[in-house]
Amino acid sequence: MNTEIPVEQTQSCSVQEIMAVFLARDLVDGEQLQVGVGLPVPEAAVRLAHLMHGPNMELIFLGARMNVAHLDSIPLPQFGWDRRVVRWAESYSDTGHRFDHVNDWAKRVFFVGGIQVDPQGNTNLIGIGEDHRRLKFRGPGSVGTPTLTTHVGRYYIVLNTHTARTFVPKCDFISTVGWGDGDPNARSKLGLPGGGPRYCVTPLCVMDFTESPKRLRLRSVHPGVCVDEVRDHTGFDLVIPDEVPITALPTPAELTVLRERVDPGGLLRSPN
Amino acid sequence: MNTEIPVEQTQSCSVQEIMAVFLARDLVDGEQLQVGVGLPVPEAAVRLAHLMHGPNMELIFLGARMNVAHLDSIPLPQFGWDRRVVRWAESYSDTGHRFDHVNDWAKRVFFVGGIQVDPQGNTNLIGIGEDHRRLKFRGPGSVGTPTLTTHVGRYYIVLNTHTARTFVPKCDFISTVGWGDGDPNARSKLGLPGGGPRYCVTPLCVMDFTESPKRLRLRSVHPGVCVDEVRDHTGFDLVIPDEVPITALPTPAELTVLRERVDPGGLLRSPN
Amino acid sequence: MASLSLRRERIISEHDAVGCIADGMTIAIGEPHPMALVRHIIRRGLRNLTVIGSGLALDILIAAGCVRKVISYYAGGGYWVPVAPAFRRAAEAGLIEVWECEEGILTSGLEAAGKGLPFLPWRGGVGTSLPQVNPDLKVFSDPINGETLIAVPAIIPDVTLLHAAESDAYGNVRHCGGPGWIDLFLHRAARRTIVQVEKVISNEEIRSNPWATTINSGVDICRMPYGAHPFYSRGYYVQDKPLVAEYFSAANVGGAELGHFLDTYCREPQSHAEYLTAIGIKRLLDLHEY
Amino acid sequence: MASLSLRRERIISEHDAVGCIADGMTIAIGEPHPMALVRHIIRRGLRNLTVIGSGLALDILIAAGCVRKVISYYAGGGYWVPVAPAFRRAAEAGLIEVWECEEGILTSGLEAAGKGLPFLPWRGGVGTSLPQVNPDLKVFSDPINGETLIAVPAIIPDVTLLHAAESDAYGNVRHCGGPGWIDLFLHRAARRTIVQVEKVISNEEIRSNPWATTINSGVDICRMPYGAHPFYSRGYYVQDKPLVAEYFSAANVGGAELGHFLDTYCREPQSHAEYLTAIGIKRLLDLHEY
């Protein structure tokens with residue numbers, strides 16, 4: 001997963017760096033970017049986007065809202081709940097009212113992980129097994145992902161691993177609704193105002209969704225990964241177009257900002 | 001209404017002062033005393049109680065909570081929304097969450113006025129008339145009285161006038177439920193957790209409620225007022241016991257605190 | 001390194017602020033009242049507004065003929081003004097519709113809007129006449145315990161107008177000594193919020209105490225020193241009691257006397273600066289809070 | 001003039017704080033975690049608790065055998081600990097019951113309690129498995145628009161335990177840089193709240209900035225400098241990362257190794273002072289926040 005990939009002959013980068021740069025480029029100036037605890041790739045992506053092209057973005061970490069595009073560096077946290085990352089905040093007022101203004105979340109972007117993901121982009125953080133009282137694998141719980149994914153303008157599914165145990169035909173439990181049964185109107189039928197999942201990004205590839213029915217489709221493979229490898233590590237029939245491009249590499253400028261101003265500790269290059 | 005009443009030969013006091021002292025004596029140390037805007041008698045009563053015997057009381061004005069028993073004076077506001085009265089507050093946190101902690105209101109005490117009061121202590125701030133779209137007299141609206149009286153441990157009905165137009169057999173509209181139809185269980189049947197109205201205090205007298213059914217009963221007349229005067233100014237059959245005492249006069253100590261530390265401007269002695 | 005100057009400022013003129021309000025819209029007015037913007041609404045002669053408000057600001061908008069429907073828990077003027085006069089007259093004449101409510105019901109409806117819910121339940125008001133006189137309030141049986149509650153529909157202002165002490169140029173607002181009790185509810189429920197402030201301060205000052213920020217970004221700012229006059233502005237000045245009394249007295253009389261008040265203080269000054277000039281600096285300075 | 005000394009102070013010992021908790025009660029644990037009180041609960045060997053909590057505090061209470069039921073939206077340990085180990089083992093073995101929820105559902109249930117309502121509606125979770133795996137959550141049709149929502153019943157902790165920066169002796173609490181996101185919900189929902197603080201400050205200091213007061217009176221205070229250790233305390237110290245890792249490593253292994261950790265850090269020190277002595281001043285001073 002952490003094989004070194006050459007960038008323009010002179011630099012190499014990790015898969016996590018490629019994932020972070022891919023996500024960063026997809027974020028638009030003016031958006032609000034909310035990241036939960038313990039997700040280094042999205043944490044890096046939103047910082048990079050803010051510094052590269054998002055002077056009007058707002059970063060939302062740990063209940064604080066920040067615009068910190070003017071800082072020399074916006075380093076990644078060193079552990080969960082590292083509150084030093086919010087020391088430049090403009091407000092903490094999300095704290096008491098974090099869910100009292102969801103009618104304003106069309107411009108908010110969020111990132112979810114999962115222990116299972118199905119072809120319609122529904123995800124599971126609850127557990128694996130048939131009986132909820134005796135799970136084979138107990139997950140951490142849904143955190144705030146059901147509420148966030150219900151209301152945000154769009155979200156990204158970001159995983160640390162890509163295996164057939166994660167990408168399953170049907171989640172044992174659903175903690176966030178992606179496209180439900182695959183009907184493009186599934187979300188509106190449920191009354192979920194948010195825009196739903198846009199991409200699913202893993203250490204192997206980027207996936208998007210077909211139009212109708214909504215179903216995960218391979219969009220690009222990361223450098224050094226072949227299409228068959230993705231297919232073999234996916235537990236359902238992934239939609240695979242005839243032509244699958246390689247995920248774009250970071251530019252030297254992006255890599256410089258990422259490494260010098262976002263991730264000077266090299267978290268995205270560490271084997272962990 | 002503002003006839004001077006002698007106090008122990010050496011002092012005289014106004015009816016508003018008698019009302020305020022009566023209320024103050026009924027308040028218990030440790031309680032939270034909330035007063036809305038524009039009610040000078042309760043405003044004075046809670047200040048006086050706090051200074052006389054309530055070092056653990058909390059005064060709640062304009063969203064601020066205060067314990068100010070150590071101050072030399074706690075003067076009355078000079079007009080509605082006179083925010084100088086909360087300058088000694090310990091918190092404003094009621095502001096955003098004023099109705100988010102009503103489960104804690106058993107020890108809270110409140111005061112309501114009304115343009116109509118019926119024998120069961122139901123009150124009306126909405127208006128007088130048959131058709132809500134074309135009221136004969138449009139009232140100011142219910143403010144927060146429905147919510148407050150639903151939850152507080154007890155409340156007092158305090159009026160500036162006592163006339164047959166105010167004390168009516170049936171309110172044209174009900175903005176706060178006292179004892180509903182008079183059934184002592186009327187409040188619990190409606191699911192209202194608060195303790196209901198305790199006394200009704202007017203410039204003529206103090207009234208309480210009979211046990212079952214709940215109905216307004218004359219408790220004491222203010223000095224210089226006779227029982228018939230109360231009867232004549234009440235638009236329904238008030239329960240009148242054989243013996244009706246005179247409302248107790250302020251002690252010189254109470255009057256000193258009231259005038260020097262609560263109402264140095266003489267608001268309760270002014271004819272307005 | 002991205003330049004700070006690329007960040008968009010959110011300061012707009014009073015003209016642009018009121019320019020986003022159209023006849024027939026639902027507007028919410030906070031407390032302390034954003035009187036400068038209220039006067040600009042009167043100057044522009046907007047009509048048929050639904051106003052969520054209370055007290056002086058509500059009454060003067062009714063007096064000026066801007067209002068068709070009122071969503072209010074309290075239309076009094078504090079001491080000595082039990083019922084606001086223009087409100088009372090218009091309501092009794094059937095010229096305005098009153099969406100009868102109370103504070104907890106109103107905040108529940110606003111909170112429902114902010115939470116993206118069609119309704120929120122509330123207990124205060126059960127047993128009263130409120131559900132009868134306001135058919136939008138539905139008495140229902142709760143799905144868990146079967147208790148009787150009131151379902152309050154979401155209340156969504158098109159534009160919320162607030163007055164606050166300070167903000168930076170990016171819309172981070174700070175209330176001195178806390179916002180009015182309903183202001184943040186009105187903000188979160190609204191499609192758009194405009195905050196008039198006494199003072200614009202640096203972004204660094206905002207960052208020096210982020211916990212003090214009461215409204216964060218996404219709002220537009222009007223710089224309006226003394227903008228709540230003749231109402232109070234916490235930490236800056238107290239009510240101009242004689243002018244408030246002058247208004248209520250004119251409103252009580254109505255007709256030409258009320259028209260004269262509105263002309264003098266709302267229609268003739270063409271801007272907030274002209275209004276302040278008419279009031280005079282001495283009078284303003286005499287209103288210091290402490 | 002009433003003497004200030006007549007006002008009751010609200011400072012209690014850790015012993016009295018935990019003394020009000022009985023086997024089988026529902027207790028809520030805030031974030032940052034009030035670890036000193038959590039350790040005292042373990043020391044006392046309380047059993048069959050229902051715990052509303054997350055992360056480290058929740059996991060160590062489960063590891064010590066105090067917990068029968070968990071109300072949690074998240075039982076992970078941040079970076080590198082996707083699922084808290086004692087929670088995972090106990091849940092998979094059926095030793096604890098999990099009241100499955102998520103943040104918005106949990107805060108809705110807490111808010112219902114604070115508002116004196118039997119339930120509040122919430123949209124987040126509609127379409128998920130949450131209502132199937134948690135039968136207390138009722139899917140219903142809203143009485144205004146007929147939309148599908150989840151009815152969340154009121155959640156009422158018997159005792160809420162919080163950690164904060166400062167308070168005065170009367171229970172006016174100030175969080176440095178704001179409270180954890182859920183703390184005030186846990187407080188308002190509870191029958192009783194106890195707040196452990198880094199520092200007790202003067203009442204005058206509280207009055208100097210009332211807007212900074214995050215919890216006002218009605219709560220009891222335990223003076224517990226470094227009381228959140230090995231977790232963070234905003235404005236005072238960061239996480240003791242090695243000790244947190246040591247716990248999660250021992251909890252992963254379980255058995256004697258976990259027992260040894262619990263004995264060393266929770267059961268053998270007979271007070272918070274003895275715990276801090278065992279940790280050592282140098283280690284504590286090295287955790288300064290900035």
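All chains are named by letter (A, B, ...) in the order of the sequence lines, taking the proteins before the strands, and each is independently numbered beginning at 1. Worth knowing before you read on, the calculation uses all heavy atoms, side chains too, and leaves out hydrogens, waters and symmetry mates.
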Query - Steps toward side-chain contact (heavy atoms from CB on, under 4.5 Å) verdict (H187(C), V173(C)) - result: CA-CA 12 Å; H187(C) 161 55; V173(C) 177; over 6 Å; no
Query raised in the report: Are Y73(C) and W181(C) close enough that their ring centres sit under 6.0 Å apart?
Result: yes
Requested in this report: Name the member of V244(C), T128(C), D183(C) that forms the most heavy-atom pairs with chain B at distances under 4.5 Å.
Outcome: T128(C)
**Report entry** Region of K189(B) that comes under 4.5 Å of a non-hydrogen atom in chain C
**Finding:** neither
Query raised in the report: Can you name the closest pair of heavy atoms from D136(C) and P153(C) and give their distance?
Result: O-CD, 3.4 Å
Report task. Sort S142(B) into side chain, backbone, both or neither according to what part of it lies under 4.5 angstrom from a heavy atom of chain C. Result -> both
Report task. Look at the rings of F173(B) and H132(B) and say which category their plane angle falls in: under 30° parallel, 30 to 60° tilted, over 60° perpendicular. Result -> perpendicular
Report summary line: Turns out that what part of T107(C) lies under 4.5 Å from chain B's heavy atoms comes down to side chain
Query raised in the report: Among V143(B), L190(B), T147(B), T150(B), who wins on heavy-atom pairs under 4.5 Å with chain C?
Result: V143(B)
Report summary line: One option among I126(B), L135(B), L148(B) has the most heavy-atom pairs under 4.5 Å with chain C, and it is I126(B)
Query - Proximal component of R134(B), with respect to chain C [non-hydrogen, under 4.5 Å] - result: both
**Report entry** Closest-packed option against chain B by number of heavy-atom pairs under 4.5 Å, given K241(C), R123(C), E92(C)
**Finding:** E92(C)
Query - Atom group of E147(C) that falls short of 4.5 Å from chain B, counting heavy atoms - result: neither
Requested in this report: Sort out for me which residue in R154(B), R108(B), K107(B) forms a salt bridge (Lys or Arg N to Asp or Glu O under 4.0 Å) with E31(B).
Outcome: R154(B)
**Report entry** Option that, when pairs with chain B are counted at under 4.5 Å, heavy atom only, ranks first among V81(C), V98(C), I105(C)
**Finding:** V98(C)
Report summary line: Here the gap from R65(B) atom CZ to L59(B) atom CG, rounded to the nearest 0.5 Å, amounts to 11.0 Å
Requested in this report: Sort E97(C) into side chain, backbone, both or neither according to what part of it lies under 4.5 angstrom from a heavy atom of chain B.
Outcome: neither
Query raised in the report: What part of A91(C) lies closer than 4.5 angstrom to a heavy atom of chain B: side chain, backbone, both or neither?
Result: both
Report task. Apply the test side-chain contact (heavy atoms from CB on, under 4.5 Å) to residues T149(B) and V177(B): give CA-CA distance (whole Å), side-chain angles for both, the deciding distance (0.1 Å), then the verdict. Result -> CA-CA 8 Å; T149(B) 57; V177(B) 178; over 6 Å; no
Query raised in the report: For L125(B), is it the side chain, the backbone, both or neither that has a heavy atom under 4.5 Å from a heavy atom of chain C?
Result: neither
**Report entry** Max heavy-atom pair count under 4.5 Å with chain C, selected residue of P140(B), S175(B), G141(B)
**Finding:** P140(B)
Query raised in the report: Taking the six-membered ring where the residue is Trp, are the ring centres of F167(B) and H162(B) under 6.0 Å apart?
Result: yes
**Report entry** is_close_aromatic(F99(B), F185(C)), centroid dist under 6.0 Å
**Finding:** no
